[in-house]
Undergrad: 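Provided herewith is a single structure, encoded as structure tokens, for subsequent inquiry.
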Amino acid sequence: MQFTRSNAMILLVSITIALSAIALFPAISQAQSEEKTFVTHSGAVVTTSGEVIDPLYTVSTVDFDPDEFLRNFEYGRVSTSETGQTIREYTIIAEDDKIQEISPGVFYNVWTFNGTVPGPTIRATEGDIVRINFINNGSKEHTIHFHGTHPAGMDGVFEPVGGNGGQFVYEFEAGPVGVHPYHCHVMPLEEHIVHGLYGVFIVDPKEGRAPADEMVMVLNGLDTDFDTENNFYAANTIPFYYQHHPIQINSNELIRIYVVNMVEFDPINNFHLHGNLYKYYPTGTDLVPSFFTDMITLSQTERGIMEFEYEYPGKYLFHAHKVEFSEKGWVGIFLVKDNSENNQEVDYGT
Amino acid sequence: MELSDNTSKGKVIASGIIPFVFVIIMMAYIFGPGAELLDLGIPLPEITIEKVDFVDSEIQATVRNTGPIPVEIAMADVNDRIHPAAVEPDGHLERYEIALVRIPFEWNEAEPYIIGITVGDGTRFEKEIEAAAPALQPTLDLAVFFAIIGTYVGIIPVMIGLLWLPFIKKISKSKYHFFLALTAGLLLFLAFDSIEESIDVSNESLAGSFNGTLLVATVVVLSFLGLYYSGEKLVKRANSSKLAKPVAIALMISIGIGLHNFGEGLAIGAAVGMGSIAFSTFLIVGFALHNTTEGIAIAAPMSRGKLMIGKLAAMGMIAGSPAIFGAWVGGFVYSPFASVIFLAIGAGAIFQVILVLMKWLREEGDKNLSSASVASGFAVGMLVMYLTSILV
């Protein structure tokens with residue numbers, strides 16, 4: 001993905017020209033109301049008498065809202081145990097019959113925890129009791145297997161939960177500190193994972209982390225034609241979503257991303273940030289960052305915490321630097337808004 | 001009497017219609033209340049990318065719905081990388097409906113590309129292009145270029161072949177039979193060649209739902225029957241008019257060869273259109289040598305009549321010039337479906353000509369088709385064609 005400043009300029013100029021042309025010549029634009037336009041990779045505006053099929057730049061929404069997922073953390077129904085431990089109780093329902101529009105016009109049979117791919121982001125503090133009331137409303141057996149520390153019986157591997165209403169309660173003490181995936185662990189495992197039965201489990205340190213604009217990004221892929229190659233890649237399921245819906249953040253504000261790689265079939269994935277570098281905490285288990293980089297490589301279920309701040313406002317890409325992935329959907333934009341009163345009146349972005 | 005005639009007529013009509021009525025009732029039942037009984041299996045969408053054109057900053061794919069159910073075109077990719085695109089007139093394709101997918105793309109000449117189209121259920125279909133070449137614009141220059149190629153491939157070699165006429169004229173009867181049989185052998189080879197080519201084209205670019213091989217078989221037989229019927233009429237008229245029988249046969253041979261050469265022109269035009277220029281230069285040399293033998297096929301029957309240079313030249317044109325039209329069609333408005341049809345018609349036409357030739361040989365050769373000259377002529381004809389075809 002090459003999105004240079006000059007390309008952006010061309011894009012902006014062409015859009016401006018197109019808009020002003022429409023404003024100046026309303027009669028013409030009405031006469032040509034049948035004509036639709038879209039923007040190409042190089043910023044050119046193409047007119048068509050037919051339909052535009054553009055999941056990349058044309059703003060569109062589908063069955064799942066990645067914006068809502070991005071900053072949503074489920075803390076559960078909180079109560080306190082006799083020993084004074086915080087209990088966080090969740091209900092998670094598995095289903096495997098939903099057909100969701102996962103890219104404009106593309107419909108795929110997703111298997112879901114609580115109706116979405118990824119499932120809800122479960123968040124607890126180290127030492128809390130996490131209690132998951134798991135209900136399997138699917139037609140197949142499913143489980144929830146959490147990464148992290150827990151007794152063998154809570155591992156979600158040897159206790160398959162039957163479909164059509166089967167139930168199981170997973171209960172364990174949240175730990176260790178960090179960011180972990182959870183996923184169904186029924187064989188054939190690959191099938192259950194690629195259909196969407198996974199989510200993120202965050203364990204906060206007792207002392208907490210510095211205040212930040214926090215978000216979750218699950219890097220995933222979708223093999224819509226079942227040839228064991230992904231047709232789409234994304235951060236949070238919907239290809240290109242954050243490209244046409246840039247994530248709005250503030251300059252000079254700490255951003256913290258919990259990133260989990262759930263891509264199957266391809267051995268690695270990676271995360272490249274533009275115009276900045278981030279502190280990286282692999283698995284989030286250590287409070288001291290291991291790297292200061294703009295590029296991390298992630299194997300299956302490899303995950304960590306990224307922290308960064310933008311100094312200059314404007315648009316910044318983030319994407320897989322395995323360019324095949326980014327050109328098939330794993331690409332997004334941070335739109336950095338100026339948050340600093342003292343900032344000089346210099347326009348860095350376009 | 002009249003009354004009973006009418007009733008019996010009515011009975012005949014009724015008995016002819018009744019089975020149809022039952023067929024309609026059965027169809028209505030299957031599509032209506034009986035649909036659930038047959039609701040087995042899941043119909044899968046299928047599209048075929050029939051054609052890919054490389055135009056200015058754009059790749060255009062012609063897509064046809066060749067599956068059992070309607071499809072929605074959802075996405076386009078180039079080399080498995082998703083691109084913004086447009087689909088005209090719209091992305092909803094009923095069975096056999098066709099759409100143009102326009103993918104803005106700065107393509108590089110002579111590089112291979114794979115064009116992918118994804119439909120609504122996420123299934124991706126692709127077509128590989130070996131080397132991108134700009135789509136041919138029907139300019140006068142190019143039309144002239146194709147006309148020159150067509151002349152080299154069609155007209156000139158056939159005309160050269162016709163120059164054997166004086167030679168064939170002077171030889172003995174058995175040697176003459178040899179040449180007539182040789183002609184039949186040459187033609188038989190051409191018929192197989194056309195069938196092979198049309199099946200190749202249908203396998204490469206036509207969807208399975210067209211039943212390519214059976215389509216070819218059907219068109220070959222229909223073309224054979226049509227020309228057989230009209231050919232017989234021509235021969236009958238030849239008998240009653242001044243038009244000599246050899247001329248009628250030679251004319252039919254010319255028409256058959258002309259249809260065949262139209263197919264060859266298509267192949268050459270399409271090869272140029274797909275950018276394999278070097279390949280088509282080779283093709284042209286091969287076809288030229290190959291087609292010289294076609295002149296003999298026309299010359300052989302003509303050698304028994306009076307020498308009619310005008311008619312001979314006209315037949316040469318009938319046989320050779322379709323190569324030019326074929327090249328135009330193949331280069332400018334290539335359609336795999338039309339190519340399959342034309343090639344199959346050509347094959348059918350040739351089979352008809354072979355039959356006419358054999359009948360004539362039988363009459364000429366005292367009802368004997370198994371003489372050494374006929375057998376060897378046939379064999380040599382096939383062999384010569386095979387050996388010259390290696391050049392193509």
Undergrad: Answer with side chain, backbone, both or neither: which region of A:Thr37 has an atom nearer than 4.5 Å to a non-hydrogen atom of chain B?
TA: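 Neither the backbone nor the side chain of A:Thr37 comes within 4.5 Å of chain B.
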Undergrad: Measure distances from A:Pro104 to the heavy atoms of chain B and classify the residue's part below 4.5 Å as side chain, backbone, both or neither.
TA: backbone
Undergrad: Side chain from CB out, backbone as N, CA, C, O: work out which of these in B:Ile73 comes under 4.5 Å of a heavy atom of chain A, or both, or neither.
TA: both
Undergrad: Among side-chain atoms of B:Glu50 and B:Thr62, is any donor-acceptor pair under 3.5 angstrom?
TA: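 Side chains of B:Glu50 and B:Thr62: no pair found under 3.5 Å.
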Undergrad: In terms of side-chain heavy atoms, does A:Asp96 have a donor or acceptor partner in A:His142 at a distance below 3.5 Å?
TA: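 Note: A:Asp96 and A:His142 side chains meet the donor-acceptor criterion.
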Undergrad: Which of the residues B:Thr123, B:Val87, B:Asp77 is involved in the greatest number of heavy-atom pairs with chain A at under 4.5 angstrom?
TA: B:Val87
Undergrad: Answer with yes or no whether the side chains of A:Ser60 and A:Thr58 bring together a donor and an acceptor at under 3.5 Å.
TA: no
Undergrad: Given heavy-atom pairs under 4.5 angstrom as the criterion, report whether the side chain, backbone, both or neither of B:Asp80 touches chain A.
TA: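 Both backbone and side chain of B:Asp80 come within 4.5 Å of chain A.
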Undergrad: Is there a donor-acceptor pair under 3.5 Å between the side chain of A:Gln300 and the backbone N or O of A:Asp266?
TA: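 Here the side-chain-to-backbone pair exists.
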Undergrad: Pick one of side chain, backbone, both or neither for A:Phe38, based on which atoms fall under 4.5 Å of a heavy atom in chain B.
TA: side chain
Undergrad: Hey, is the main chain of A:Glu51 close enough, under 3.5 Å, to the side chain of B:Asp90 for a donor-acceptor pair?
TA: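 No: the side chain of B:Asp90 does not pair with the backbone of A:Glu51.
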Undergrad: Do you know which of B:Gly116, B:Ala85, B:Ala76, B:Ala74 has the most heavy-atom pairs under 4.5 Å to chain A?
TA: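 Option with the greatest count: B:Ala85.
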Undergrad: Which of these, B:Ile199, B:Ile195, B:Thr218, sits in a side chain to side chain contact (heavy atoms under 4.5 Å, CB included) with B:Thr213?
TA: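 Only match with B:Thr213 under side chain to side chain contact (heavy atoms under 4.5 Å, CB included): B:Ile199.
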Undergrad: Do A:His183 and A:His192 meet the criterion of a side-chain donor-acceptor pair at a distance under 3.5 Å?
TA: no
Undergrad: Are a donor atom and an acceptor atom from the side chains of A:Asn269 and A:Tyr233 found within less than 3.5 Å of each other?
TA: no
Undergrad: Highest number of heavy-atom pairs under 4.5 Å with chain B: which of A:Asp225, A:Ile53, A:Thr48?
TA: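 Top option by heavy-atom pairs under 4.5 Å: A:Ile53.
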Undergrad: Could you look at A:Val46 and say if it's the side chain, the backbone, both or neither that has a heavy atom under 4.5 Å from chain B?
TA: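 Just its side chain gets close to chain B.
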Undergrad: Quick check for you: among B:Gly120, B:Ser57, B:Pro89, which has the greatest number of heavy-atom pairs under 4.5 Å with chain A?
TA: B:Gly120
Undergrad: Go through the atoms of A:Phe240 and report whether side chain, backbone, both or neither lie under 4.5 Å from a heavy atom of chain B.
TA: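 Contact with chain B involves the side chain of A:Phe240 alone.
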